[in-house]
Amino acid sequence: MNNFEYYNPVKIIYGQGEVVRIGQAARDYGRKALIVSYDRVDFYGNLFERIHGQLKESGIDYVDCFIATANPKISEARYGVDLGRKEQVDMVIGVGGGSAMDLSKVIAAGILYPYEDIRKMIRFSHSKDNQVPPREALPMIMVPTLPATASEMNPTAVITDDGTQRKSYVWAPCCLYPKVSILDPELTATLPAYQTACGGIDAISHVVEPFFFSDEATFGNIQLQDHMQIGVIKAIYENLPRVLKDPSDMQLRGLMQFAATVGLNGWLICGVQGWTPMHQMGHVLSSHFGATHGATLACMMLSWMRYFSGKEQNARFVKFARLMFGTEDLLQAADLFEEYIKSVGVPTRISEFGCTRDDLETLTQGVVDVSFGADGTLASIPPITREEAYRIYELSL
């Protein structure tokens with residue numbers, strides 16, 4: 001294993017019905033909250049009435065900011081920043097999936113951001129060092145309702161620039177960790193089957209990616225991270241169909257929720273590489289076609305496996321195929337994985353988003369513009385050239 005530092009200050013409150021503790025949790029961080037969620041919240045039933053009531057009982061005032069959309073945008077963040085400053089809030093509560101939580105983070109940092117243009121805090125280019133990450137943010141409480149991104153327990157937010165269609169991220173361990181996250185599996189019970197499935201595939205991708213893009217030599221003979229990563233992947237892989245069959249099973253819901261949190265809270269990449277090239281390419285699909293994030297990652301995992309079939313630098317891919325599917329034939333493993341993803345109702349081809357061969361050049365240029373470094377490659381093991389990125393998109397048609 002490589003040398004590493006690990007830090008994660010997020011307090012997790014887990015359990016069925018634990019959302020009732022939100023007022024108690026908020027009391028430690030301020031007296032007025034900006035509640036950030038989606039532009040439609042009717043599918044949550046009486047959740048916000050319950051949250052409002054708990055906050056009132058704890059002496060916390062609140063302002064609703066229901067503006068988040070799938071693949072949240074800078075324009076939404078600007079609105080939230082202006083509202084938060086006007087209302088003089090002193091904390092932000094994010095309620096929803098990764099989109100709502102990521103938007104909450106950008107707003108919480110944006111309210112205190114010293115520059116007029118909050119786009120400066122987002123790394124919209126990996127080849128030009130012009131990002132100015134935030135150094136502070138308002139305290140945040142997260143209430144995840146979709147097991148997927150682990151935004152409730154990491155210091156990262158992803159957002160799209162409306163004007164350029166560039167989708168990228170801000171990573172700021174100094175200030176973007178939530179203070180408290182309440183993982184209540186009851187809150188995931190109203191999810192449509194498609195969102196449940198896409199969330200599960202997204203969570204799988206968060207662990208598959210560091211498995212693929214780690215240096216085999218860092219593991220030695222103990223392979224601790226291999227076992228941890230495969231264990232989390234299998235927990236989600238085996239239980240996602242069971243959740244879809246019985247959406248009311250809170251034990252399964254809870255398992256999926258915590259497995260997704262573990263998948264991207266930093267535990268599984270300690271001492272190994274952490275490149276995210278599949279996510280970088282998936283972001284371009286989301287920003288151009290409005291595709292659900294988990295669905296884009298389904299397509300990318302499969303196309304990367306197929307691209308590396310038969311290549312010399314594929315030891316990690318082959319090990320994944322063996323441990324998950326009992327074969328060292330990457331093409332066979334990709335076919336088996338694709339059958340599984342289709343069986344849970346998630347797209348496996350980018351043509352299902354409306355993408356055609358004529359779009360491949362635009363997609364490739366999109367990933368070059370945002371994610372390629374100054375050396376002209378996409379960070380990966382091995383680094384990916386422009387031509388290779390095009391070919392990977394092509395394999396996913």
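Contact annotation: the side chain of F212 never approaches that of W275 to less than 4.5 Å [non-hydrogen atoms, C-beta and beyond]. I93 places none of its side-chain heavy atoms less than 4.5 Å from the side chain of Y62. R166 is not listed as a side-chain neighbour of S287, based on a closest heavy-atom distance of 4.5 Å or more. The shortest side-chain heavy-atom distance between K167 and V370 does not fall under the 4.5 Å cut-off. Looking at E136 and C174, their side chains never come closer than 4.5 Å, going by heavy atoms from C-beta outward. Between R306 and L330, every side-chain heavy-atom pair lies at or beyond the 4.5 Å cut-off. Under the 4.5 Å side-chain criterion, counting only non-hydrogen atoms from C-beta, L103 is in contact with I159. Considering only heavy atoms from C-beta on, Q225 comes within 4.5 Å of C270 through its side chain.
Listed for the S371 side chain is no donor-acceptor partner under 3.5 Å among the backbone atoms of V368. No side-chain donor-acceptor contact under 3.5 Å links D359 to the backbone of C355. Side-chain atoms of E209 come within 3.5 Å of backbone N or O of H279 as a donor-acceptor pair. Checking side-chain atoms of T327 against main-chain N and O of D329 turns up a donor-acceptor pair under 3.5 Å. A donor-acceptor contact shorter than 3.5 Å is absent between the side chain of N239 and the backbone of L255. A donor-acceptor pair under 3.5 Å links the side-chain atoms of S168 to the main chain of R123, judged by distance alone. In this structure, R85 contributes its side chain and G110 its backbone to a donor-acceptor pair below 3.5 Å. A donor-acceptor contact shorter than 3.5 Å is absent between the side chain of H293 and the backbone of C198. Listed for the N46 side chain is no donor-acceptor partner under 3.5 Å among the backbone atoms of E49. The backbone N or O of I74 sits less than 3.5 Å from a side-chain atom of D162, completing a donor-acceptor pair.
More than 12 heavy atoms of other shown residues, nucleotides or ligands fall within 6.0 angstrom of atom CG in D42. Within a 6.0 Å radius of CZ in R322, other residues, nucleotides and ligands contribute more than 12 heavy atoms.
Between S104 and V36, the shortest heavy-atom distance links the atoms OG-CB, 3.3 Å. Closest non-hydrogen pair, P72 versus V158, comes out as CG-O, 3.8 Å. When every heavy atom of A260 is checked against every heavy atom of A148, the shortest pair comes out as CB-N, 3.5 Å. When all heavy atoms of A197 and V344 are compared, the pair lying nearest together is CB-O, 3.2 Å. Residues L176 and P155 come closest through the heavy atom pair CB-O, 3.5 Å.
Following chains of ILVMFWY side-chain contacts shorter than 4.5 Å, one can reach L397 starting from V346, so the two form part of one hydrophobic cluster. Side-chain heavy atoms closer than 4.5 Å link hydrophobic residues (I, L, V, M, F, W, Y) into clusters, and following such links, even through other members, never connects I141 to L138. F43 and I51 fall within a single hydrophobic cluster, where Ile, Leu, Val, Met, Phe, Trp and Tyr side chains are chained together by heavy-atom contacts under 4.5 Å.
Distance CD/Q257 to CG/L252: 12.5 Å, rounded to 0.5 Å. Note that CD1 of I107 is 8.0 Å distant from CD1 of I118, once rounded to the nearest 0.5 Å. Expressed to the nearest 0.5 Å, how far CE of M278 lies from CD1 of I392 amounts to 10.0 Å. Rounded to the nearest 0.5 Å, atoms CE (M142) and CG (N154) are 9.0 Å apart. The CZ atom of F317 lies 6.5 Å from the CH2 atom of W304; values are rounded to the nearest 0.5 Å. We find the CD-CD1 distance between Q229 and I269 to be 9.0 Å, quoted to the nearest 0.5 Å.
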Could you walk me through whether L363 and E394 pass side-chain contact (heavy atoms from CB on, under 4.5 Å), step by step?
CA-CA 10 Å; L363 292 174; E394 187 176 42; over 6 Å; no

T196 and L240: side-chain contact (heavy atoms from CB on, under 4.5 Å), yes or no, with the steps?
CA-CA 8 Å; T196 298; L240 178 55; 4.2 Å; yes

side-chain hydrogen bond (donor to acceptor under 3.5 Å, both in side chains) between N71 and T69: does it pass, once the steps are laid out?
CA-CA 6 Å; N71 302 307; T69 56; over 6 Å; no

Start with the C-alpha gap between V92 and K105, add the side-chain angles, then the distance that decides, and say whether side-chain contact (heavy atoms from CB on, under 4.5 Å) holds.
CA-CA 8 Å; V92 175; K105 291 178 179 180; over 6 Å; no

Could you go through the side-chain contact (heavy atoms from CB on, under 4.5 Å) check for E76 and D39 one step at a time?
CA-CA 10 Å; E76 297 163 18; D39 54 355; over 6 Å; no

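Between the side chains of R21 and Q54, no donor-acceptor pair of N or O atoms lies under 3.5 Å. For the 3.5 Å distance criterion, the side chains of T377 and D375 qualify, holding a donor opposite an acceptor. Side-chain atoms of S151 and D102 include a donor-acceptor pair closer than 3.5 Å.
Under a 4.0 Å N-O distance rule, the pair E339/K342 does not qualify as a salt bridge. In summary, K319 and D226 engage in a salt bridge, as defined by a charged side-chain N under 4.0 Å from a carboxylate O. Ionic pairing of E361 and R386 is present here: one or more N-O contacts between side-chain nitrogen and carboxylate oxygen are shorter than 4.0 angstrom.
Between F325 and F320, the two ring planes are perpendicular [angle over 60°; tilted spans 30° to 60°].
Evaluation of the ring pair (Phe, Tyr, Trp, His ring centres under 6.0 Å) test over residues 68-117, restricted to residues two or more places apart or in two chains, returns Y113-Y115. For residues 340-378, the ring pair (Phe, Tyr, Trp, His ring centres under 6.0 Å) pairs, not counting sequence neighbours, are Y237-Y340.
Every residue two or more places apart in sequence or in another chain that forms a salt bridge (Lys or Arg N to Asp or Glu O under 4.0 Å) with R119 is listed here: D117, D161.
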Counting only pairs under 3.5 Å, give me each side-chain donor-acceptor contact of residues 307-315, with atom names and distances, residues two or more places apart or in other chains.
from : atom 1 : to   : atom 2 : distance (Å)
Y307 : OH     : E388 : OE2    : 3.0
N314 : ND2    : F308 : O      : 3.2
N314 : ND2    : K311 : O      : 3.0

Identify each donor-acceptor pair in which a side-chain atom of residues 22-35 lies under 3.5 Å from a protein atom, sequence neighbours left out, and give them as a table.
from : atom 1 : to  : atom 2 : distance (Å)
R31  : NH1    : R27 : O      : 3.0
K32  : NZ     : E87 : O      : 2.9
K32  : NZ     : E87 : OE1    : 3.0

Review item, side-chain donor-acceptor pairs of residues 177-194, under 3.5 Å, at least two apart:
from : atom 1 : to   : atom 2 : distance (Å)
Y177 : OH     : Y7   : O      : 2.7
S181 : OG     : E152 : O      : 2.5
D184 : OD1    : G17  : N      : 3.0
D184 : OD1    : E186 : N      : 3.0
D184 : OD2    : G17  : N      : 3.0
D184 : OD2    : E18  : N      : 3.1
D184 : OD2    : V19  : N      : 3.2
E186 : OE2    : Q16  : NE2    : 3.1
T188 : OG1    : P185 : O      : 2.9

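Under the 6.0 Å distance and 45° angle rule, R40 does not count as a cation-pi partner of F66.
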